[in-house]
A.B. asks: 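First the structure, then my questions, so here it is.
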Amino acid sequence: MTLQQLRYIVEVSKCSTISKAAQSLFLTQPTLSKAIKDLEEELGICILERGSSKTRFTAEGTELLCYAKQLLEQAQQIENRFINGAVEKKRVSISTQHYAFAVKAFIDLLNNEQCSDYEFYLRESKTYEIIDDVFNKKSDIGIIFLSDSTSRYLTRLLQSKDIEFTPLKNFTSHIYMRKNHPLASNTKVTMQQLEDYTCIAYEQDNSSLNFAEETVDVSGFKKVVYVRDRATAFNILSNTDCYNIGTGCLIDGVVDDNIISLQLDGYGEKMTVGWIKLKSMEIKPVVEEYINLVKNALTLSYVGLERKK
């Protein structure tokens, strides 16, 4: 097995077909196909599913692809350090559900950073993408929540991918809305009171309720608007009578001052927010710093009616 062979399969994953990958690598298609076939024979696995219009990786091929990307990145780092004399960049990648405290911690991390050469990534993503990012080592850690109803399923899923979940804080379900919402004068609200208002939910592209970011099944609601990012959700909340279901966590300077949160009455579903990582993945010092900043942001955050006072 050579680094060149690993580069070949990574290029195939980018181009979707062997013919396009061969063109990109300035190889003939038979040459590329033979190189991959030789690698399959050497490792005793089938890397690609052949015969369809697009080349698909098998389960073993997908696992090999993850290792190949990691090895090639490490090889590049070695080359940069010892051949090119470059100083290795500090890198950290975080995937998270749509949480203000995760953004607050990231802002603090940037403000604390003294290194002049770094690459930081913050991905507000869908739940299954966060898990995949961690599994495929695209992100160092992910931030998600487990609820009473999803905990069993997600725990099994994480275990099957050799991913561990570390809890950070428990929340009860809350409703986000603007200060002058017709229900804003209440101390608590029920789903019955919200029935005629539009619910803002985060799109998941997955029919399973286990991946939803809301503890309530919104699929049967009369009026639902699906969005992909937190900024859009909060802009809509701030300018309409829509509402969103979440932790209720508010952070000054990150969440619009026009947004408040009310406890969702009669709905006792607990949300346990935590972070995930591959069990085999060693935590970098910068990631450990970020986790501590998340804990600090959660300590500084507040839930409830304070902004109405």
A.B. asks: Check whether any side-chain heavy atom of Thr31 lies under 4.5 Å from a side-chain heavy atom of Leu25, and answer yes or no.
C.D. replies: no
A.B. asks: Does CD in Glu113 sit with more than 12 non-hydrogen atoms of other residues, nucleotides or ligands closer than 6.0 Å?
C.D. replies: yes
A.B. asks: List the steps and the verdict of side-chain contact (heavy atoms from CB on, under 4.5 Å) for Phe120 and Phe106.
C.D. replies: CA-CA 9 Å; Phe120 288 178; Phe106 196 79; 3.6 Å; yes
A.B. asks: If you count every heavy atom of other residues, nucleotides or ligands that lies below 6.0 Å from Lys284 atom NZ, does the total exceed 12?
C.D. replies: yes
A.B. asks: Tyr153, Phe135: one ILVMFWY side-chain cluster at the under-4.5 Å cut-off?
C.D. replies: yes
A.B. asks: So do Ile18 and Leu48 actually touch side chain to side chain, heavy atoms under 4.5 Å?
C.D. replies: yes
A.B. asks: Where the side chain of Gln204 meets the backbone of Lys126, is there a donor-acceptor pair that is under 3.5 Å apart?
C.D. replies: no
A.B. asks: Within the supplied structure, the quantity of interest is the number of heavy atoms (other residues, nucleotides, ligands) at a distance under 6.0 Å from Arg152 CZ; does it exceed 12?
C.D. replies: no
A.B. asks: For Ala102, is there any backbone N or O sitting under 3.5 Å from a side-chain donor or acceptor partner on Tyr290?
C.D. replies: yes
A.B. asks: Taking side chain as C-beta onward, heavy atoms only, is Asp196 less than 4.5 Å from Lys222?
C.D. replies: yes
A.B. asks: Can you get from Tyr118 to Val92 by hopping between Ile, Leu, Val, Met, Phe, Trp and Tyr side chains that sit under 4.5 Å apart?
C.D. replies: yes
A.B. asks: Taking all non-hydrogen atoms of both residues, which atom of Lys270 and which atom of Asp148 are closest, and how far apart?
C.D. replies: N-OD2, 3.1 Å
A.B. asks: Ignoring hydrogens, what is the shortest heavy-atom contact between Leu298 and Ser301? Give both atom names and the distance.
C.D. replies: O-OG, 2.8 Å
A.B. asks: Please assess Arg91 against Asp140 for the test salt bridge (charged side-chain N to carboxylate O under 4.0 Å, His left out), listing each intermediate value before the final yes or no.
C.D. replies: CA-CA 9 Å; Arg91 289 179 173 85; Asp140 297 283; over 6 Å; no
A.B. asks: So, Gln97 and Thr127: side-chain donor and acceptor under 3.5 Å apart, yes or no?
C.D. replies: yes
A.B. asks: Quick one: does any side-chain atom of His181 pair with a main-chain N or O of Asp241 as donor and acceptor, under 3.5 Å?
C.D. replies: yes
A.B. asks: Rounded to the nearest 0.5 Å, what separates atom CG in Leu27 from atom CD in Gln29?
C.D. replies: 11.0 Å
A.B. asks: If you count every heavy atom of other residues, nucleotides or ligands that lies below 6.0 Å from Lys138 atom NZ, does the total exceed 12?
C.D. replies: no
A.B. asks: Ignoring hydrogens and angles, tell me if any N or O in the side chain of Thr58 forms a donor-acceptor pair with the backbone of Cys46 under 3.5 Å.
C.D. replies: yes
A.B. asks: With clusters defined by side-chain heavy atoms of hydrophobic residues (ILVMFWY) lying less than 4.5 Å apart, directly or transitively, does Ile45 cluster with Met1?
C.D. replies: yes
A.B. asks: So which heavy atom on Leu250 is nearest to which on Ser261, and how close?
C.D. replies: CD1-OG, 3.8 Å
A.B. asks: Looking at OG of Ser125 and CD1 of Ile130, how far apart are the two atoms once the value is rounded to the nearest 0.5 Å?
C.D. replies: 5.5 Å
A.B. asks: Would you find more than 12 non-hydrogen atoms of other residues, nucleotides or ligands less than 6.0 Å from Glu41 atom CD?
C.D. replies: yes
A.B. asks: Using the rule given for side-chain contact (heavy atoms from CB on, under 4.5 Å), can you reason through Asp108 versus Leu110, listing the C-alpha separation, both sets of side-chain angles and the distance that settles it, and then say yes or no?
C.D. replies: CA-CA 5 Å; Asp108 291 341; Leu110 293 177; over 6 Å; no
A.B. asks: When you compare the side chain of Ile141 with that of Ile94, does any pair of heavy atoms fall below 4.5 Å?
C.D. replies: yes
A.B. asks: Looking only at atom types and distance, does a side-chain atom of Asn244 sit under 3.5 Å from a main-chain N or O of Ile200, one as donor and one as acceptor?
C.D. replies: yes
A.B. asks: Do Thr272 and Phe145 have side chains that approach each other closer than 4.5 Å (heavy atoms only, starting at C-beta)?
C.D. replies: no
A.B. asks: Do Arg123 and Thr96 get their side chains close enough for a donor-acceptor pair, meaning under 3.5 Å?
C.D. replies: no
A.B. asks: Any side-chain donor-acceptor pair under 3.5 Å between Asn210 and Thr150?
C.D. replies: no
A.B. asks: So, taking the atom named CD in Gln193 and the one named CD1 in Ile175, what distance separates them when rounded to the nearest 0.5 Å?
C.D. replies: 10.5 Å
A.B. asks: Do Leu64 and Leu71 share a hydrophobic cluster, counting only Ile, Leu, Val, Met, Phe, Trp and Tyr and linking them when any side-chain heavy atoms are less than 4.5 Å apart?
C.D. replies: yes
A.B. asks: Mind checking whether Val224 and Leu264 sit in one hydrophobic cluster, side chains of I, L, V, M, F, W, Y counted as touching below 4.5 Å?
C.D. replies: yes
A.B. asks: Report the C-alpha separation of Thr299 and Lys295 in whole Å, then their side-chain angles, then the decisive distance to 0.1 Å, and conclude whether the side-chain contact (heavy atoms from CB on, under 4.5 Å) test is met.
C.D. replies: CA-CA 6 Å; Thr299 301; Lys295 294 177 182 177; 5.5 Å; no
A.B. asks: Give, for atom CG of Leu154 and atom OG of Ser147, the distance between the pair rounded to the nearest 0.5 Å.
C.D. replies: 7.5 Å
A.B. asks: Taking atom CE of Met271 and atom SG of Cys249, what is their separation to the nearest 0.5 Å?
C.D. replies: 10.5 Å
A.B. asks: Scan the side chains in residues 212-221 for donor-acceptor partners under 3.5 Å anywhere in the protein, sequence neighbours excluded, and list what turns up.
C.D. replies:
| from | atom 1 | to | atom 2 | distance (Å) |
| --- | --- | --- | --- | --- |
| Glu213 | OE1 | His98 | N | 3.2 |
| Glu213 | OE1 | His98 | ND1 | 3.3 |
| Glu213 | OE2 | His98 | ND1 | 2.7 |
| Glu214 | OE2 | Tyr202 | N | 3.1 |
| Thr215 | OG1 | Ser173 | OG | 2.6 |
| Asp217 | OD1 | Ser219 | N | 3.1 |
| Asp217 | OD1 | Ser219 | OG | 2.7 |
| Asp217 | OD2 | Ser219 | OG | 3.4 |

A.B. asks: Between the side chains of Thr232 and Asn235, is a donor N or O closer than 3.5 angstrom to an acceptor N or O?
C.D. replies: no
A.B. asks: Using every non-hydrogen atom in the two residues, find where Leu194 and Met177 come nearest and quote the distance to one decimal.
C.D. replies: CD2-CE, 4.3 Å
A.B. asks: Could you tell me if the side chain of Ile9 sits less than 4.5 Å from the side chain of Gln5, heavy atoms only?
C.D. replies: no
A.B. asks: Verify the ring-centre separation between Phe234 and Tyr176: is it less than 6.0 angstrom?
C.D. replies: yes
A.B. asks: Heavy-atom distance under 4.5 Å between the side chains of Arg230 and Val254, does that happen here?
C.D. replies: yes
A.B. asks: Is there a side-chain contact between Val10 and Leu72 (heavy atoms, below 4.5 Å)?
C.D. replies: yes
A.B. asks: Give me the atom names and distance for the closest heavy-atom approach of Leu237 to Cys242.
C.D. replies: CD2-O, 3.4 Å
A.B. asks: Test side-chain contact (heavy atoms from CB on, under 4.5 Å) on Thr247 and His174 and set out the steps.
C.D. replies: CA-CA 6 Å; Thr247 63; His174 279 69; over 6 Å; no
A.B. asks: Determine all donor-acceptor pairs shorter than 3.5 Å in which one atom belongs to a side chain in residues 157-168; sequence neighbours excluded.
C.D. replies:
| from | atom 1 | to | atom 2 | distance (Å) |
| --- | --- | --- | --- | --- |
| Ser160 | OG | Leu157 | O | 2.6 |
| Glu164 | OE2 | Lys277 | NZ | 3.0 |

A.B. asks: How would you list, by chain and number, every residue that makes a ring-ring contact (aromatic ring centres under 6.0 Å, His included) with Tyr243, sequence neighbours excluded?
C.D. replies: none
A.B. asks: Return the CD1 to CD1 distance between Ile276 and Ile143, rounded to the nearest 0.5 Å.
C.D. replies: 9.5 Å
A.B. asks: What closest approach, in Å, do Lys104 and Ala297 show between heavy atoms, and which atom pair accounts for it?
C.D. replies: CG-CB, 3.8 Å
A.B. asks: Under 6.0 Å from the six-membered ring centre of Tyr226 and within 45° of its axis: does the NZ or CZ of Arg228 meet both?
C.D. replies: no
A.B. asks: Within the side chain of Glu124, is there an N or O that forms a donor-acceptor pair under 3.5 Å with the backbone of Asp229?
C.D. replies: no
A.B. asks: Do Ser238 and Asp256 have a side chain donor and acceptor closer than 3.5 Å?
C.D. replies: yes
